[in-house]
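Here, residue 1 is the first one in the sequence, and each next residue gets the next number. These numbers were taken from a predicted model, which means no experiment stands behind them.
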Amino acid sequence: MLAFDTECHLFIPGCGFEAPGLHSFVFEPLFTVGSFEFNKPMLLAFLSTIVVVGFFWVAFGKAKVVPGKLQMVGEAGYDFVRRGLVYDALGKKEGDKYVPFMVSLFFFVWIMNLWSIIPLMAFPVTSVIAFPVALALVVYVTWLFLTFKKQGFVGGLKNISGYDKSLGWVLPLIMVLELLQHLIIRPFTHAVRLFANMFAGHLLILLFTIASWYMLNGIGFVYAGASFVMTLVMTAFELFIQAVQAYVFVLLACNYVQGALAEHH
């Protein structure tokens, strides 16, 4: 469904420019089961799961010593996350067990971002705050579990609270700040960083796309052409940002896991 009136153009009386806004991120349910509503972002998230699982299933389902083209692409993607993210943060010995989780997380986030530039889909799933929050919550719970598993109950509490008796009278203040950082600020910023970038990027693409169509009337075609060029530029830039945001999200996840496993930090 289009987010603007296709009959409305510049220089037509009574036709104002319909700027995109929050309404551009709200979708009617595709179907409803009781009180549960299934909408377009949910469909794209489901398709993202199918794409990621399906791709790696086909690429590695019958892996060969001499890989085919699809297996080579899969190995390149897997190795990029393994060496460029997991090993750098955790080292090979500790990192190997977390590679499948981080690879899944990276490609799932990336594909959900990528829908933004796919015709007919044209929407980044992570621009809906619920999805980044759910992903950040998975990382957060993993971090908590590993912290207490590695450090023990008392050690885990000291880890999270920053307890160090050598700090003296400033210890209560440090503990409050550390608790705020670990329990509230860290998961909040982890989710919002991804959400805000994808939300803003999609809004800009929508703005220039709608403006291109709106000004395509009479002499306005000159402005429409300039706006269309900006649409192409923003789309190319968004393609770069989509990959960067997936990279940053997983990089932070690796750093959180590293912090949970470290003996002293």
Side-chain angles (χ1 to χ4, degrees), residues 45 48-49 52-53 56 77-113 124-167 171-199 242-265:
S48 299
T49 305
V52 174
V53 173
F56 283 103
Y78 189 89
D79 202 50
F80 168 75
V81 177
R82 179 177 61 180
R83 296 183 181 276
L85 288 168
V86 182
Y87 284 3
D88 280 355
L90 302 172
K92 186 177 187 302
K93 182 179 179 181
E94 285 285 359
D96 270 335
K97 66 181 74 172
Y98 301 104
V99 171
F101 173 60
M102 296 303 177
V103 168
S104 301
L105 194 61
F106 175 85
F107 284 99
F108 186 55
V109 172
W110 183 47
I111 295 299
M112 287 202 297
N113 293 345
V125 181
T126 50
S127 65
V128 177
I129 187 64
F131 292 95
V133 166
L135 292 171
L137 185 60
V138 171
V139 175
Y140 176 71
V141 171
T142 302
W143 167 74
L144 275 179
F145 172 77
L146 292 174
T147 296
F148 286 105
K149 180 181 178 181
K150 180 70 174 181
Q151 310 291 338
F153 182 74
V154 175
L157 289 178
K158 289 182 178 180
N159 184 321
I160 294 171
S161 64
Y163 177 82
D164 183 350
K165 62 182 180 181
S166 66
L167 293 173
L171 179 59
L173 176 61
I174 296 298
M175 290 180 67
V176 170
L177 294 176
E178 286 292 313
L179 286 170
L180 281 174
Q181 177 195 353
H182 286 106
L183 301 181
I184 298 176
I185 297 174
R186 175 181 286 183
F188 176 79
T189 56
H190 197 195
V192 170
R193 181 182 288 106
L194 174 60
F195 157 73
N197 278 279
M198 299 315 301
F199 180 92
Q242 289 162 357
V244 168
Q245 287 306 310
Y247 180 90
V248 171
F249 192 87
V250 176
L251 176 63
L252 290 173
C254 289
N255 288 337
Y256 297 158
V257 170
Q258 188 276 333
L261 298 177
E263 292 294 341
H264 302 286
H265 52 281

Quiz item: Can you name the residues that form a side chain to side chain donor-acceptor pair (under 3.5 Å) with Ser161, not counting sequence neighbours?
Solution: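 Ser161 satisfies side chain to side chain donor-acceptor pair (under 3.5 Å) with no other residue.
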Quiz prompt | Audit row: Val86, Val81, side chain to side chain contact (heavy atoms under 4.5 Å, CB included) steps and yes/no | solution = CA-CA 6 Å; Val86 182; Val81 177; 4.3 Å; yes
Starting at [atom1] of [X], measure out to [atom2] of [Y] and round the result to the nearest 0.5 Å.
X	Y	atom1	atom2	answer
Leu194	Gln242	CG	CD	10.5 Å
Gln258	Asp88	CD	CG	11.5 Å
Cys254	Tyr87	SG	OH	12.0 Å
Thr126	Ile111	OG1	CD1	11.5 Å
Leu179	Ile174	CG	CD1	11.5 Å

Among all residues two or more places apart in sequence or in another chain, which pass the side-chain contact (heavy atoms from CB on, under 4.5 Å) test with [X]?
X	value
Val133	Ile129, Ala191
Val244	Phe240, Val248
Thr49	Val53, Phe108

Of all residues at least two apart in sequence or in a different chain, which pass the ring-ring contact (aromatic ring centres under 6.0 Å, His included) check with [X]?
X	result
Phe199	Phe25, Phe195
Phe131	none
Phe106	Phe80

Do you know the tightest heavy-atom contact between [X] and [Y]?
X	Y	answer
Pro124	Asn113	CB-O, 3.9 Å
Asn159	Gly259	ND2-O, 3.7 Å
Ala89	Asn255	CB-OD1, 3.9 Å

Self-check item: Plane angle bin for His190 and Phe249 - parallel if under 30°, tilted between 30 and 60°, otherwise perpendicular
Solution: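 Parallel.
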Tell me every residue that passes salt bridge (charged side-chain N to carboxylate O under 4.0 Å, His left out) with [X], counting only those two or more places apart in sequence or in another chain.
X	answer
Arg82	Asp79
Arg193	none
Asp96	Lys92

Return all side-chain donor-acceptor pairs below 3.5 angstrom for residues 134-149, not counting sequence neighbours, or 'none' if the list is empty.
from   : atom 1 : to     : atom 2 : distance (Å)
Thr142 : OG1    : Val138 : O      : 2.8
Trp143 : NE1    : Thr147 : OG1    : 3.4
Thr147 : OG1    : Trp143 : O      : 2.7

